[in-house]
Undergrad: 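This is the structure, below, for whatever I ask next.
So that the names make sense, note that chain A is the first sequence line, chain B the second, and so on, each numbered from 1.
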Amino acid sequence: MSRQQRLWTPLSSAVLRRVALSSSPSSSTINLAAISQSPFRLSPHSDNSRLFVSHIRGLDFLRNFPFSGKHFLCSQSALSLDAKCWNCNAAAEAALFLVCPSCRCIQPVDQSVDYFQIFGLEKKYNVEDDNLQGKYKEWQMKLHPDLVHSKSEKEREYAAEQSARVIDAYHTLSKPLSRAIYIMKLEGVNINEEETISDLEFLSEILEIREAVEEASDSQALNQIRSEMEEKLKHWSNFFANASQNRNFEDAVKAIRRMTYYERVIEEIVKKL
Amino acid sequence: MLSLASKRVLQGLASRSPALQAMHRQYHERVVDHFNNPRNVGSFDKNEPDVGTGLVGAPACGDVMKLQIKVDDSGKIVDACFKTFGCGSAIASSSVATEWVKGKQMEEVLTIKNTEIAKHLSLPPVKLHCSMLAEDAIKAAVQDYEAKRVKSAASTKAAPTATDA
């Protein structure tokens with residue numbers, strides 16, 4: 001029961017906060033007084049079912065949030081369970097909690113913080129912020145194992161884990177294809193399944209291109225093919241951006257597949273150049 | 001002394017071709033053999049009536065595999081060839097596949113399982129999908145040939161009617 005109460009805590013407090021902020025008590029059926037007086041320590045004969053209904057309503061309410069309810073709840077629960085700095089016990093204010101804002105002490109990895117959040121970016125394909133590298137270096141300044149050698153063993157361990165995660169995040173987000181695959185992963189669509197495709201038209205095209213690369217005799221011919229591939233990548237990258245924005249996952253996966261093949265051609269060209 | 005000599009030889013090999021050495025370490029000798037001396041590389045004219053073409057791809061790694069069969073009137077595969085752009089395992093798998101289908105009946109080659117190819121080449125689990133690709137390529141080639149037969153049978157049937165009319 002106590003475990004359940006802990007899980008409910010962030011949700012009900014979130015509901016409470018939103019209700020208090022934006023809806024008038026008269027129009028709301030939620031018993032605000034009951035919740036605010038004793039939201040978690042309900043006596044057996046208190047209005048349990050009513051509170052539950054208010055939670056459900058609260059969920060609907062959260063769906064209208066600018067970001068998805070899933071992520072909101074996720075970061076909230078992560079906050080509530082791990083909200084305190086292990087070192088100085090200060091409560092975290094933001095969802096991103098790599099370094100304690102109060103004692104600057106490095107925190108353990110929180111998997112609910114996604115790569116976009118690490119860089120303070122909106123979760124979408126087109127990354128407008130071109131300062132990804134700058135932010136990456138900033139994090140590494142704080143987390144690099146060489147720079148935390150004077151700290152405790154525990155903190156050095158956390159720093160190593162966080163640093164590895166920031167490196168993964170940077171590499172994933174800095175390349176369009178891996179960024180696209182990551183976005184699909186966050187949406188619960190797995191791309192790297194080991195299946196076979198038999199799209200004749202597309203595969204014939206790829207076969208022809210690969211033969212052309214194989215037969216290309218000079219760097220001029222190879223560069224010509226490369227620029228064609230870059231054009232195609234640009235096209236399918238835009239296609240993916242639209243598809244993922246419209247939550248058309250079938251088209252999004254199709255775009256990722258094409259991009260994988262064209263990237264592969266470029267890799268082969270680079271090997272030959 | 002002997003071990004020192006072999007070490008030197010190995011070092012010499014490594015410095016000459018690190019990729020080749022890595023491959024020797026990782027793959028079974030049959031994979032290396034098929035990779036270095038692939039059997040039946042080439043193309044048949046896909047528009048020929050006795051040719052079946054299987055074209056398949058592994059989207060996860062960007063591999064593409066073409067396997068073609070030449071079939072006689074009795075349904076026996078008299079020749080086969082392949083062209084694969086992919087990793088060593090994919091090339092070896094398709095090379096083995098062309099060797100295995102030659103001289104067999106079409107129904108017979110449909111029973112070739114990827115696990116047999118994988119076992120023959122001792123492919124590691126992460127490379128099993130390469131042998132799967134080869135199995136799918138065989139099936140696609142047979143399917144293409146059969147579709148062609150049905151089509152030509154329909155057109156030869158249709159042709160006399162056309163002349164009659």
Undergrad: Once rounded to the nearest 0.5 Å, what's the spacing between atom NZ of Lys66(B) and atom CZ of Arg210(A)?
TA: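 These two atoms lie 14.0 Å from each other.
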Undergrad: Under 6.0 Å from the CD atom of Glu205(A), do we count more than 12 heavy atoms belonging to anything else shown?
TA: yes
Undergrad: Is it true that atom NZ of Lys151(B) has more than 12 heavy atoms of other residues, nucleotides or ligands lying nearer than 6.0 Å?
TA: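 Incorrect, the count does not exceed 12.
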Undergrad: Are there over 12 heavy-atom neighbours, none belonging to Arg39(B), within less than 6.0 Å of that residue's CZ?
TA: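 Result for CZ/Arg39(B): enclosed.
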Undergrad: Taking the side chain from Tyr261(A) and the backbone from Asp63(B), do they hold a donor-acceptor pair closer than 3.5 Å?
TA: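 Yes; at least one donor-acceptor contact below 3.5 Å.
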Undergrad: How about Lys119(B): does its NZ atom have over 12 heavy atoms from other parts shown lying under 6.0 Å from it?
TA: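 Result for NZ/Lys119(B): open.
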Undergrad: Does atom NZ of Lys76(B) have more than 12 heavy-atom neighbours from other groups under 6.0 Å away?
TA: no
Undergrad: To the nearest 0.5 Å, what is the distance between CG on Asp144(B) and CG on Leu200(A)?
TA: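 Those atoms lie 7.5 Å apart.
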Undergrad: Work out which heavy atom in Pro59(B) is nearest to a heavy atom in Glu195(A); give both atom names and the distance.
TA: CD-O, 3.1 Å
Undergrad: Please walk me through it: do Glu214(A) and Phe85(B) pass side-chain contact (heavy atoms from CB on, under 4.5 Å)?
TA: CA-CA 10 Å; Glu214(A) 199 180 48; Phe85(B) 291 99; 3.7 Å; yes
Undergrad: Let's test your reading of the structure: which of Thr84(B), Val64(B), Leu133(B) forms the most heavy-atom pairs below 4.5 Å with chain A?
TA: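 Counting heavy-atom pairs under 4.5 Å, the top option is Val64(B).
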Undergrad: Could you have a look at Ala137(B), Ala140(B), Cys61(B) and say which one has the most heavy-atom pairs with chain A under 4.5 angstrom?
TA: Cys61(B)
Undergrad: Would you give the length of the straight line joining atom OG of Ser204(A) to atom NZ of Lys46(B), rounded to the nearest 0.5 angstrom?
TA: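 Going from OG on Ser204(A) over to NZ on Lys46(B), the span is 6.5 Å.
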Undergrad: Do you know which of Glu263(A), Arg258(A), Glu267(A), Glu211(A) has the most heavy-atom pairs under 4.5 Å to chain B?
TA: Glu211(A)
Undergrad: If you draw a 6.0 Å radius around NZ in Lys185(A), do more than 12 non-hydrogen atoms from other residues or ligands fall strictly inside?
TA: no
Undergrad: Measuring from His129(B):NE2 to Thr196(A):OG1, what's the distance to the nearest 0.5 Å?
TA: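 With rounding to 0.5 Å, NE2 (His129(B)) is 9.0 Å from OG1 (Thr196(A)).
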Undergrad: When rounded to the nearest 0.5 angstrom, what distance separates CG in Asp136(B) from CD1 in Ile197(A)?
TA: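 With rounding to 0.5 Å, CG (Asp136(B)) is 11.5 Å from CD1 (Ile197(A)).
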Undergrad: Check this for me: Gln245(A), atom CD, are more than 12 non-hydrogen atoms of other residues, nucleotides or ligands nearer than 6.0 Å?
TA: no
Undergrad: Would you say that more than 12 heavy atoms from the other residues, nucleotides or ligands in this model lie under 6.0 Å from the NZ of Lys234(A), or not?
TA: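 For Lys234(A), atom NZ is not crowded (no more than 12 foreign heavy atoms under 6.0 Å).
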Undergrad: Side chain, backbone, both or neither: which part of Glu268(A) has a heavy atom under 4.5 Å from chain B?
TA: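 Contact with chain B: none, neither part.
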